[in-house]
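The residues of the chain are indexed from 1 along the displayed sequence.
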Amino acid sequence: MFDIGFTELLLIGLVSLFVLGPERLPGAVRTAGLWIGRAKRSFANIKAEVEREIGADEIRRQLHNERILDLEREMKQSIMPSAPSTSSSATPQSVTPPHPSNLDAPTPAEAKPAETAPVPRPDKSPEP
């Protein structure tokens with residue numbers, strides 16, 4: 001991470017020996033070690049907490065997606081029983097050609113045109 005080699009560590013140790021002296025150097029090294037250990041533990045705890053949160057969010061997202069898929073399946077199943085009856089009428093069935101003797105006879109739709117109800121006028125006055 002920092003790419004500190006043995007020579008750099010030796011140089012830091014010699015400088016700290018000259019600056020702090022032989023009496024205070026062991027206490028300073030001990031204190032530095034404690035602070036470094038605390039920092040490592042803090043970073044490890046933060047990392048673990050973030051990973052737990054990310055995992056929990058992912059689990060929540062998956063559960064939400066599964067609920068949506070279940071609801072979608074239920075909707076499809078509730079629609080499917082009515083869908084085959086409408087789709088069967090929409091599918092072309094075998095059509096038999098008309099018999100030659102019936103070609104001259106009018107079909108029921110041609111026989112009587114559908115009578116429509118009178119449409120009210122826009123001014124809503126009765127028709128004369």
Sequence neighbours left out, what passes salt bridge (Lys or Arg N to Asp or Glu O under 4.0 Å) with E58? Give chain and number order.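 In terms of salt bridge (Lys or Arg N to Asp or Glu O under 4.0 Å), with neighbours along the sequence ignored, E58 is linked to R61.
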Test salt bridge (Lys or Arg N to Asp or Glu O under 4.0 Å) applied to R73 - qualifying residues, sequence neighbours left out: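 Expected list: D70.
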Considering only distance and modelled atom types, tabulate donor-acceptor pairs under 3.5 Å from the side chains of residues 13-42, sequence neighbours left out.
residue	atom	partner	partner atom	Å
S16	OG	I12	O	3.1
S16	OG	G13	O	2.8
T31	OG1	G27	O	2.8
S42	OG	R38	O	3.0

Nearest-0.5 Å distance, CZ of residue R60 to NE2 of residue H64: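 It comes to 12.5 Å.
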Taking atom CG of N65 and atom CD of Q62, what is their separation to the nearest 0.5 Å?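 Those atoms lie 8.0 Å apart.
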Please go through I68's hydrophobic cluster and name the other residues, only I, L, V, M, F, W, Y counting, with side-chain heavy atoms under 4.5 Å joining them.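 Noted: I68 shares its cluster with no other residue.
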Please write out which residues are connected to I59 in a hydrophobic cluster, directly or through intermediates, given that two of Ile, Leu, Val, Met, Phe, Trp, Tyr count as joined at side-chain heavy-atom separations below 4.5 angstrom.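 Listed partners: L63.
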Residues in side chain to side chain contact (heavy atoms under 4.5 Å, CB included) with E74, at least two apart?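 Counting only residues at least two positions away or on another chain, E74 forms a side chain to side chain contact (heavy atoms under 4.5 Å, CB included) with L71.
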Specify the closest pair of heavy atoms between E8 and G5, including all atoms of both residues, with the distance to one decimal.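 Looking at all heavy atoms of both residues, the closest pair is OE1-N, 2.7 Å.
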